[in-house]
Amino acid sequence: MAVKKPGVIALFDVDGTLTAPRKEATPELLEFIRELRKVVTVGVVGGSDLSKISEQLGKTVTTDYDYCFSENGLVAHKDGKPIGIQSLKLYLGEDKLKELINFTLHYIADLDIPIKRGTFIEFRNGMLNVSPIGRNCSQEERDEFERYDKVQNIRPKMVAELRERFAHLNLTFSIGGQISFDVFPRGWDKTYCLQYLEDFNEIHFFGDKTYEGGNDYEIYESPKTIGHSVTSPDDTMAKCKALFMS
């Protein structure tokens, strides 16, 4: 029988780490997580809201993982129970929030890209998610935009413009997934969730966007974590098996 290692947690990003971008986790991955929980404490931290994470990891995600952090941990659950929530609206105030949203929508309106769909800004509890193409695009359109963005740098250019225009608001702009980037106050990146994990001696974080500007970068580089860069769910499982289950 496996013996659970005390004081050790494996903490996972979602897209590109536990699932293909915006896809559901495979039965193999879900079974792997169940087996891993017998060995170490397991947590998940994603930039999406809880409903989107649930679509990918299952409706019982808050109990399938010991810790479930949505919106970078701005909405936090432990053992299925909520333990914290943070609000972007309260932090910025309506006037500053409106200024940011108005400028962003004007920028997207003037942006010349092959196609646009709908839901260009998604308002979450602790952040804004901004998508130049719009979150209502199909999976095929997502894939096409991702390829286009890698050549034309639509998101990096937009982030650079917003970062300069709103430097006074002390915001972070973090590119993640295929079609969007997140906007939140500095310090509200994925390291925000670490405040709930202070009792652990080892926090192993696994993510795919660990490069500077990626939404896993800050927590991957944090002195509080042991960072592991992965390329796919299969790579994640292989690295975990070598670390915890060999």
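Just so it is clear, the values below take in all heavy atoms, side chains as well, and ignore hydrogens, waters and symmetry mates.
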Check this for me: does any side-chain nitrogen of one of [X] and [Y] sit under 4.0 Å from a carboxylate oxygen of the other?
{"X": "Glu31", "Y": "Arg34", "answer": "yes"}
{"X": "Arg155", "Y": "Glu146", "answer": "no"}
{"X": "Glu35", "Y": "Arg37", "answer": "no"}
{"X": "Lys190", "Y": "Asp216", "answer": "yes"}

Aromatic ring proximity, centroids under 6.0 angstrom, Tyr65 and His77: no
Report yes if some heavy atom in the side chain of [X] is under 4.5 Å from a heavy atom in the side chain of [Y]; otherwise report no.
{"X": "Met237", "Y": "Leu29", "value": "yes"}
{"X": "Lys96", "Y": "Leu169", "value": "yes"}
{"X": "Ile179", "Y": "Pro132", "value": "no"}
{"X": "Ile108", "Y": "Val130", "value": "yes"}
{"X": "Tyr192", "Y": "Gln86", "value": "yes"}
{"X": "Lys38", "Y": "Lys4", "value": "no"}
{"X": "Glu55", "Y": "Glu24", "value": "no"}
{"X": "Ser131", "Y": "Phe145", "value": "no"}

[X] atom [atom1], neighbour heavy-atom count above 12 within 6.0 Å:
{"X": "Asn102", "atom1": "CG", "answer": "yes"}
{"X": "His168", "atom1": "NE2", "answer": "yes"}
{"X": "Lys116", "atom1": "NZ", "answer": "yes"}
{"X": "Lys5", "atom1": "NZ", "answer": "yes"}

Kindly compute the distance separating [atom1] ([X]) from [atom2] ([Y]), expressed to the nearest 0.5 Å.
{"X": "Leu36", "Y": "Thr236", "atom1": "CG", "atom2": "OG1", "result": "11.0 Å"}
{"X": "Phe181", "Y": "Thr172", "atom1": "CZ", "atom2": "OG1", "result": "12.5 Å"}
{"X": "Glu161", "Y": "Leu111", "atom1": "CD", "atom2": "CG", "result": "11.0 Å"}
{"X": "Gln56", "Y": "Lys23", "atom1": "CD", "atom2": "NZ", "result": "10.5 Å"}
{"X": "His228", "Y": "Leu11", "atom1": "NE2", "atom2": "CG", "result": "10.5 Å"}
{"X": "Trp188", "Y": "Tyr91", "atom1": "CH2", "atom2": "OH", "result": "7.0 Å"}

Full working for side chain to side chain donor-acceptor pair (under 3.5 Å) between Ser232 and Asp234: CA-CA 5 Å; Ser232 67; Asp234 287 342; 5.1 Å; no
Using atom types as modelled and distance alone, determine if a side-chain donor or acceptor of [X] lies under 3.5 Å from a backbone N or O of [Y].
{"X": "Thr19", "Y": "Pro21", "result": "no"}
{"X": "Thr60", "Y": "Thr63", "result": "no"}
{"X": "Gln152", "Y": "Asp149", "result": "no"}
{"X": "Glu144", "Y": "Glu141", "result": "no"}
{"X": "Asn153", "Y": "Pro156", "result": "no"}
{"X": "Glu71", "Y": "Gly126", "result": "yes"}

Parallel, tilted or perpendicular: ring planes of Phe12 versus Phe206, cut at 30 and 60 degrees: parallel
Plane angle bin for Phe166 and Phe103 - parallel if under 30°, tilted between 30 and 60°, otherwise perpendicular: perpendicular
side-chain contact (heavy atoms from CB on, under 4.5 Å) evaluation trace for Val40 with Val8: CA-CA 6 Å; Val40 295; Val8 179; 3.8 Å; yes
Verdict with supporting geometry, Leu57 and Asp64, side-chain contact (heavy atoms from CB on, under 4.5 Å): CA-CA 9 Å; Leu57 299 181; Asp64 290 340; over 6 Å; no
Arg135 to Phe120 six-membered ring, cation-pi geometry met (6.0 Å, 45°): no
Is a donor from one side chain sitting under 3.5 angstrom from an acceptor on the other, for [X] and [Y]?
{"X": "Glu218", "Y": "Thr191", "result": "no"}
{"X": "Asp66", "Y": "Thr41", "result": "no"}
{"X": "Gln178", "Y": "Asp143", "result": "yes"}
{"X": "Asn129", "Y": "Ser180", "result": "yes"}
{"X": "Asp189", "Y": "Asn72", "result": "no"}

Non-hydrogen atoms of [X] and [Y] that approach each other most closely:
{"X": "Asp112", "Y": "Tyr148", "result": "O-OH, 4.0 Å"}
{"X": "Ala25", "Y": "Leu30", "result": "CB-CD2, 3.9 Å"}
{"X": "Ala20", "Y": "Pro233", "result": "N-CG, 4.1 Å"}
{"X": "Cys137", "Y": "Arg142", "result": "SG-CG, 3.5 Å"}
{"X": "Ile53", "Y": "Gly46", "result": "CD1-CA, 4.0 Å"}

Tell me whether [Y] is reachable from [X] by hopping between hydrophobic residues (I, L, V, M, F, W, Y) whose side-chain heavy atoms are closer than 4.5 Å.
{"X": "Leu88", "Y": "Leu90", "answer": "no"}
{"X": "Met127", "Y": "Leu50", "answer": "no"}
{"X": "Val44", "Y": "Phe200", "answer": "no"}
{"X": "Tyr220", "Y": "Tyr196", "answer": "yes"}
{"X": "Leu162", "Y": "Ile154", "answer": "yes"}

Evaluation steps, side-chain contact (heavy atoms from CB on, under 4.5 Å), between Leu100 and Leu128: CA-CA 10 Å; Leu100 172 62; Leu128 298 179; 3.7 Å; yes
For Cys68, the option from Val61, Ile83, Val42, Val45 that meets side chain to side chain contact (heavy atoms under 4.5 Å, CB included): Val61
Side chain to side chain donor-acceptor pair (under 3.5 Å) between Asn125 and Ser87, worked out: CA-CA 5 Å; Asn125 286 296; Ser87 169; over 6 Å; no
Verdict with supporting geometry, Leu18 and Asp13, side-chain contact (heavy atoms from CB on, under 4.5 Å): CA-CA 7 Å; Leu18 294 181; Asp13 166 53; over 6 Å; no
